[in-house]
2 protein chains.
Amino acid sequence: MNIGQASKASGVSTKMIRYYDEIGLVRPASRTESNYREFDEREINELRFIRRARSLGFSMPEITQLLSLWRDRERPSREVKAIAQKHLGELDARIAEMQTMADTLRHLSHCCAGDDRPDCPILADLTGGAQPAEPKSADVRRR
Amino acid sequence: MNIGQASKASGVSTKMIRYYDEIGLVRPASRTESNYREFDEREINELRFIRRARSLGFSMPEITQLLSLWRDRERPSREVKAIAQKHLGELDARIAEMQTMADTLRHLSHCCAGDDRPDCPILADLTGGAQPAEPKSADVRRR
DNA sequence: ATGGACCTTCCCATGATGGGAGGGTCAAGG
DNA sequence: CCTTGACCCTCCCATCATGGGAAGGTCCAT
């Protein structure tokens with residue numbers, strides 16, 4: 001199986017397959033005499049594994065760890081779970097951060113008339129209460 | 001005011017101030033005869049504006065637009081609101097995506113014993129039901 | 001044997017940010 | 001006046017995962 005077929009079978013672009021090869025994430029696939037990469041079922045499964053892990057937001061270093069645990073039939077599931085939970089924590093943290101942004105933005109947007117007039121609470125917030133005059137905004141929560 | 005002071009006053013790193021200058025986000029600050037950048041209050045406010053906008057997740061192109069609206073005293077707040085709402089939509093979409101990841105991961109993690117044994121639903125999910133044997137997982141929702 | 005679809009490697013770009021080298025400038029204290 | 005240390009300048013490089021594209025080799029079906 002060559003790289004194009006491996007790509008179709010795994011859903012990973014040829015570009016990325018070569019990249020994973022380059023960084024050693026998948027073991028250097030064997031080559032034909034004309035230097036074409038050759039993939040077997042095992043490698044296709046590894047590529048699918050990587051794709052699925054990426055879709056869950058795991059970083060490449062994390063995937064490297066997960067792959068090596070996956071290859072090890074003796075692994076303790078504890079280690080896998082630890083990686084997953086660490087990642088979950090980071091995901092939750094980033095979600096919370098973005099949620100804060102979104103909430104603030106929703107509030108500001110809600111307060112903005114959105115008409116022809118120039119007055120705009122969104123710009124006012126970005127300005128930070130400063131600029132021309134008095135900085136006496138109280139309830140527009142800012143971090 | 002030189003770049004170091006501007007950095008302290010605005011909370012933007014000197015590196016980033018130079019970058020914003022380079023990409024034309026802040027108008028090329030005036031220079032002293034020894035080629036030092038000089039900043040006035042207006043530019044400090046623009047830097048603060050950028051910092052606040054970044055903290056709300058706006059991209060540089062969006063900030064470019066916001067800044068030009070901010071400079072224009074005749075702007076219709078409609079335009080500002082449109083940018084904010086577009087960004088809000090993107091934020092919400094990314095949050096939903098990450099939330100899906102986190103939920104899946106939470107579920108898998110919950111189902112994983114996390115002990116010395118090698119059996120691991122997390123790895124099983126990443127494997128995609130494939131590999132050695134039967135692909136008959138039904139309730140482990142996968143996208 | 002020729003053409004088209006494939007493969008290879010190498011280089012470049014992204015976006016926002018930081019690190020660091022090599023060299024000029026300024027101000028304070030001796 | 002000169003030294004010293006804290007600044008400033010520009011230029012280059014790296015990140016992380018991904019894709020685009022060029023130049024050139026290979027394979028297969030007609």
Side-chain angles (χ1 to χ4, degrees), chain A residues 1-26 28-40 43-44 46-67 87 90-91 94 97-98 101, chain B residues 1-26 28-40 43-44 46-67 87 90-91 94 97-98 101:
Chain A
M1 187 137 60
N2 64 27
I3 201 174
Q5 296 169 305
S7 172
K8 272 169 202 148
S10 67
V12 178
S13 73
T14 60
K15 277 286 186 189
M16 290 318 294
I17 295 176
R18 293 197 189 95
Y19 174 67
Y20 296 154
D21 182 358
E22 187 190 329
I23 66 174
L25 190 52
V26 295
S30 64
R31 301 290 183 111
T32 67
E33 46 181 52
S34 54
N35 204 31
Y36 282 21
R37 286 174 183 80
E38 277 189 316
F39 300 84
D40 56 22
E43 280 150 344
I44 301 304
E46 294 194 356
L47 290 172
R48 289 208 188 99
F49 182 100
I50 295 170
R51 185 172 64 93
R52 173 70 176 146
R54 287 292 302 147
S55 84
L56 288 178
F58 285 101
S59 69
M60 301 310 287
E62 285 165 339
I63 293 178
T64 302
Q65 292 184 279
L66 289 174
L67 257 183
H87 176 53
E90 290 162 0
L91 268 182
R94 289 200 300 155
E97 202 179 317
M98 292 175 67
M101 292 181 191
Chain B
M1 187 138 60
N2 65 26
I3 202 173
Q5 296 168 304
S7 173
K8 271 169 203 145
S10 66
V12 177
S13 73
T14 60
K15 277 285 186 189
M16 290 317 296
I17 294 177
R18 292 197 189 96
Y19 175 67
Y20 296 155
D21 183 356
E22 186 189 331
I23 65 175
L25 190 52
V26 295
S30 64
R31 303 289 185 111
T32 67
E33 47 181 51
S34 53
N35 205 31
Y36 282 20
R37 285 175 185 80
E38 278 190 313
F39 300 84
D40 56 23
E43 280 151 344
I44 300 304
E46 295 194 353
L47 290 171
R48 290 207 187 99
F49 182 100
I50 295 170
R51 186 170 65 92
R52 173 69 176 147
R54 287 293 302 146
S55 83
L56 289 178
F58 285 101
S59 68
M60 303 309 287
E62 285 166 338
I63 293 178
T64 302
Q65 291 184 279
L66 289 173
L67 257 182
H87 176 53
E90 290 162 359
L91 267 183
R94 289 201 299 154
E97 201 178 320
M98 294 175 66
M101 293 181 190

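Keep in mind the model is a prediction, meaning the values are calculated, not measured. To find a chain, count down the sequence lines: A is the first, B the second, and so on, and within it residues start at 1.
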Between CE of B:Met101 and CZ of A:Arg94, what distance do you get to the nearest 0.5 Å? 8.0 Å
Check side chain to side chain contact (heavy atoms under 4.5 Å, CB included) between B:Ser30 and all other residues, then give those that pass, not counting sequence neighbours. B:Glu38
Using whole Å, report how far CD1 of B:Ile3 lies from C1' of D:dC9. 9 Å
Letter by letter from the 5' end, nucleotides 17-30 of chain D scores (B base, S sugar-phosphate only, - none; protein heavy atoms under 4.0 Å) BBSBB---BBS---
Going by side chain to side chain donor-acceptor pair (under 3.5 Å), name the residues that satisfy it together with B:Asp40, two or more places apart in sequence or in a different chain. none
For B:Arg31 and for B:Lys8, locate the closest nucleotide of DNA chain D by heavy-atom distance; then report the residue assigned to the nucleotide nearer the 5' terminus. B:Lys8
Difference in axis direction between the ends of the helix from C:dA1-D:dT30 to C:dG30-D:dC1, five pairs, 10°: 30°
Compile the donor-acceptor pairs under 3.5 Å between side chains in residues 7-16 of chain B and protein atoms, sequence neighbours left out, one pair per line.
{"residue": "B:Ser7", "atom": "OG", "partner": "B:Val12", "partner atom": "O", "Å": "2.7"}
{"residue": "B:Ser10", "atom": "OG", "partner": "B:Ala6", "partner atom": "O", "Å": "2.7"}
{"residue": "B:Ser10", "atom": "OG", "partner": "B:Val12", "partner atom": "N", "Å": "3.2"}
{"residue": "B:Ser13", "atom": "OG", "partner": "B:Met16", "partner atom": "N", "Å": "3.1"}

Distance check: side-chain N/O of B:Asn2 vs OP1/OP2 of D:dC8, anything under 4.0 Å? yes
Check this one for me: any side-chain N or O of B:Arg37 less than 4.0 Å away from OP1 or OP2 of D:dC8? no
Can you list everything that forms a side chain to side chain donor-acceptor pair (under 3.5 Å) with B:Glu97? Sequence neighbours excluded, please. none
With sequence neighbours left out, write down each residue that passes side chain to side chain contact (heavy atoms under 4.5 Å, CB included) with B:Arg54, or none if nothing qualifies. B:Tyr20, B:Ile50, B:Met60, B:Ile63
Among residues at least two apart in sequence or on other chains, which ones pass side chain to side chain donor-acceptor pair (under 3.5 Å) with A:Glu43? none
Set of side chain to side chain contact (heavy atoms under 4.5 Å, CB included) partners for A:Thr64, sequence neighbours left out: A:Leu25
Partners meeting side chain to side chain contact (heavy atoms under 4.5 Å, CB included) with A:Ser59 (sequence neighbours left out): A:Pro61, A:Glu62
DNA chain C: 5'-most and 3'-most nucleotides touching chain B, 4.0 angstrom heavy-atom criterion: C:dA16 to C:dC26
Tell me every residue that passes salt bridge (Lys or Arg N to Asp or Glu O under 4.0 Å) with B:Arg37, counting only those two or more places apart in sequence or in another chain. B:Asp21
